[in-house]
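Order of the sequence lines fixes the chain letters, A, B, ..., with proteins taken first and strands second; residue numbering starts at 1 for each chain.
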There are 2 protein chains.
Amino acid sequence: MSDLINVAKLAGVSRATAARAFSDPHLLRTDTLQKVLMASEQLGFRPNHIARQLRTQNSTTLGVLLPSLLNPIFARQLQAMERQARVAGYGLLVATSDYQPEREAAIVEHMLRQRVAGLVLTVADADHSAVLQTLQQAEMPFVLTHNVPQESHWPAICVDNRQAMQEATDHLLALGHRHIGMVAGPMLQSDRARLRYQGYGDAMQRAGLLSLPVIEMASHTQSDFARLQPQLQGDTPLSAVICTNDLLAISLIGAAARAGVRIPKQLSVMGFDGIDIGEHMAPSLASVTQPVDLLGAGAIDMLLQQASRGTRVLPHQIRLGASIAAPALSLIANSREPS
Amino acid sequence: MSDLINVAKLAGVSRATAARAFSDPHLLRTDTLQKVLMASEQLGFRPNHIARQLRTQNSTTLGVLLPSLLNPIFARQLQAMERQARVAGYGLLVATSDYQPEREAAIVEHMLRQRVAGLVLTVADADHSAVLQTLQQAEMPFVLTHNVPQESHWPAICVDNRQAMQEATDHLLALGHRHIGMVAGPMLQSDRARLRYQGYGDAMQRAGLLSLPVIEMASHTQSDFARLQPQLQGDTPLSAVICTNDLLAISLIGAAARAGVRIPKQLSVMGFDGIDIGEHMAPSLASVTQPVDLLGAGAIDMLLQQASRGTRVLPHQIRLGASIAAPALSLIANSREPS
DNA sequence: TTGTAGGCGTTATCAG
DNA sequence: CTGATAACGCCTACAA
């Protein structure tokens with residue numbers, strides 16, 4: 001690929017003039033601009049962003065670090081971020097960590113060496129993350145998504161996980177449920193897992209009910225029905241569960257159906273995230289909807305404006321669906337007995 | 001961020017020596033290496049990949065251009081590619097085009113200016129794609145995924161779409177179906193849409209049946225049941241449909257259920273891609289499984305080895321599921337009458 | 001409006 | 001084994 005010197009020669013101008021045709025076209029006389037452009041076209045010249053970046057010390061690439069792309073919420077967020085970044089002239093360097101600290105560290109190191117202009121990332125626990133310290137020390141701008149720093153005050157964008165989960169639980173309570181469980185993937189120690197559990201606890205407590213321990217699955221994307229089954233039997237069986245993401249909820253519904261458990265008659269199931277596909281299944285999935293496109297675009301905006309320093313909270317919505325209903329009468333009756 | 005000169009000064013060595021501590025550590029005496037490393041640590045030095053890339057003329061970034069991340073098959077492929085690239089020391093610059101030629105062009109132009117080491121991409125029709133011409137002219141290495149160039153012989157990796165669709169159709173035929181439809185998203189003119197329709201046609205023809213026109217949906221991710229419904233009534237109603245991707249199939253199953261159509265009793269539905277979630281639903285989704293992790297890793301390998309020039313064909317699998325079954329007797333009887 | 005020249009941070013080529 | 005020096009391709013004062 002040819003460089004500016006060749007273009008300048010062919011156009012009969014100096015390097016500087018040829019360069020200006022691309023960086024400051026309005027500085028040139030129309031005919032010289034034309035000469036340069038024709039020459040560059042003829043040579044198949046393309047400005048070298050790497051050289052420009054070295055010279056100007058500012059990059060046109062943003063780094064993105066997400067836990068996974070297997071959850072459609074992250075994939076869609078990435079797509080929204082990419083679009084928003086591109087309209088501002090930026091490209092996205094993308095990596096996934098699976099929440100593994102070593103991978104996070106390697107990726108962040110790579111991006112720092114690459115001198116990205118900034119980073120959007122989601123970590124397990126924003127208040128205890130090594131990579132965020134690294135970024136701060138390197139004076140690299142970043143914005144957290146989904147994370148909710150409590151002690152620190154990193155820039156972040158997310159929904160109010162605690163409030164959202166409380167509302168979801170409230171909805172199930174209003175339907176008449178009393179024995180409500182919470183199903184989660186691994187990483188219970190993540191900041192939002194904690195907040196969601198608190199939201200669940202808030203609602204249960206206000207209803208004068210006991211919150212149950214989290215039912216923890218081995219995977220973020222697939223529920224193991226066997227872990228839930230014991231709690232569906234006995235004196236005080238669960239009549240409803242809320243999952244911390246929609247994939248867990250969807251696979252739970254499938255597994256329940258195969259096990260002969262009727263949804264929602266015998267068990268109400270609610271998800272979290274509000275991914276599209278949940279709406280189109282049968283039964284449709286009730287969920288807490290996150291404005292994921294807004295979240296993606298907003299993260300890029302925050303990063304590029306580098307204005308705000310605190311947490312930007314986005315509105316969530318409770319999405320109703322056929323996966324939840326009032327509990328069977330027998331279960332209600334049962335629940336009236338003190339345990 | 002500090003540079004090699006500062007490190008060299010602090011370590012009491014020359015720039016060159018300091019540089020070698022990172023590029024060729026084994027060339028240095030152990031104690032000088034230590035001196036340099038201590039100094040660089042103290043200064044928070046990080047090698048500047050941009051400068052290195054300008055100097056060495058080889059990039060450590062690969063470009064990825066996919067149609068969308070809303071289909072989990074692409075999201076998962078991207079994740080597989082990212083992992084494979086990273087073990088080879090590469091990062092991924094990612095963009096989505098939604099098959100729009102203008103976006104494809106803008107993205108490719110951006111990546112060329114960024115001087116990526118190569119590109120993995122999926123376009124609508126490999127034999128009539130402007131960006132591939134551009135890439136060839138720029139002498140930029142690339143590998144196609146999912147695309148199946150017929151006339152041209154670009155490097156590509158994919159499953160045998162025609163054969164796969166034929167086998168899927170064969171399976172439905174073996175179950176006793178005679179009136180089988182094919183449901184697709186937009187972009188019927190894409191190379192693999194054509195091949196899949198041909199595969200469907202091959203199977204139907206060999207069975208002495210007429211292949212029906214494609215039932216085209218407005219979206220790649222959501223089926224509109226109203227477009228299918230007419231074909232479920234009348235003299236020769238469809239007893240089975242194959243969708244060109246799993247999201248169409250899943251949403252079709254949901255819509256059918258809501259419309260009171262029993263799956264698979266009244267209608268068998270088969271998907272394509274074999275995304276995980278299809279397995280965990282109820283009914284579980286029968287589908288054509290693509291080895292997507294292999295495909296992603298393979299694409300990166302082909303690009304980095306820059307060895308092969310033709311198409312690498314990966315094995316597919318027919319995944320059975322509860323979304324298909326033998327047709328209702330009434331439908332079989334009906335089909336025995338010549339139309 | 002255009003040209004000249006120096007440097008962004010590295011690596012590679014020579015010497016020493 | 002280490003040091004000096006010249007590129008890599010571009011931008012940008014400053015001068016003309």
- Considering only heavy side-chain atoms of B:R55, the closest of D:dG9, C:dA12, C:dG3 is C:dA12

- Query: Across the strands shown, which category fits A:L28 at heavy-atom distances under 4.0 angstrom: base, sugar-phosphate, nothing?
  - Reply: sugar-phosphate

- Over how many whole Å does the gap from A:K9 atom NZ to D:dG9 atom C1' extend? 14 Å

- Message: Measuring to OP1 and OP2 of D:dT2, would you say a side-chain N or O of B:T32 lies under 4.0 angstrom away?
- Response: yes

- Message: Ignoring hydrogens and geometry beyond distance, is a side-chain donor-acceptor pair present between B:H146 and B:Q77 at under 3.5 Å?
- Response: yes

- Among C:dG9, C:dG3, C:dT11, which nucleotide sits nearest the side chain of B:T56? C:dT11

- Item | Salt-bridge present (A:R83, A:D293; N to O < 4.0 Å) | no

- According to the interplanar angle, ranging from 0 to 90°, do the rings of B:F45 and B:F22 count as parallel (below 30°), tilted (30 to 60°) or perpendicular (above 60°)? tilted

- Selected nucleotide, minimal atom distance to B:R20 side chain, candidates D:dT12, D:dC10, D:dT2: D:dT2

- Short side-chain N/O contact to C:dG9 OP1/OP2 from A:Q53, under 4.0 Å: no

- Please state how far atom CD1 in A:I5 lies from atom P in D:dA7, giving the value in whole angstrom units. 11 Å

- Message: Can you see if the side chain of A:T17 gets near the phosphate of C:dG3 - specifically, an N or O under 4.0 Å from OP1 or OP2?
- Response: yes

- Message: Both B:V13 and B:A51 contact DNA chain D. Taking the nearest nucleotide for each, which residue is further toward the 5' end?
- Response: B:V13

- Specify whether B:F142 and B:W154 have parallel, tilted or perpendicular ring planes, treating 30° as the upper limit for parallel and 60° as the lower limit for perpendicular. tilted

- Message: In whole Å, I'd like the distance from the CG atom of B:L27 to the P atom of C:dT11.
- Response: 13 Å

- May I have the distance from B:R52 (atom CZ) to C:dC8 (atom P), rounded to whole angstrom? 19 Å

- Task: May I have the step-by-step check of ring-ring contact (aromatic ring centres under 6.0 Å, His included) for A:H220 and A:Y99, ending in yes or no?
- Result: CA-CA 11 Å; A:H220 287 289; A:Y99 290 118; 5.8 Å; yes

- Note on the structure: Among the nucleotides C:dT11, D:dT12, D:dG9, whichever has the atom closest to the side chain of A:D3 is D:dG9

- Query: Which nucleotide sits closest to the side chain of B:L4: C:dT11, C:dG3, D:dC10?
  - Reply: C:dT11

- Query: Taking only N and O in the side chain of A:S14, is any of them less than 4.0 Å away from OP1 or OP2 of C:dG3?
  - Reply: yes

- Task: Using a 4.0 Å heavy-atom cut-off across all strands, classify B:L54 as base, sugar-phosphate, or nothing.
- Result: base

- Message: Nearest to the side chain of A:F45, heavy atoms from C-beta on, is which of D:dC10, D:dC8, D:dT2?
- Response: D:dC10

- Quick one: is D:dC1 close enough that its OP1 or OP2 comes under 4.0 Å of any side-chain N or O from B:R29? no

- Measure the distance from CD on B:Q114 to C1' on D:dC10 and round it to the nearest whole Å. 14 Å

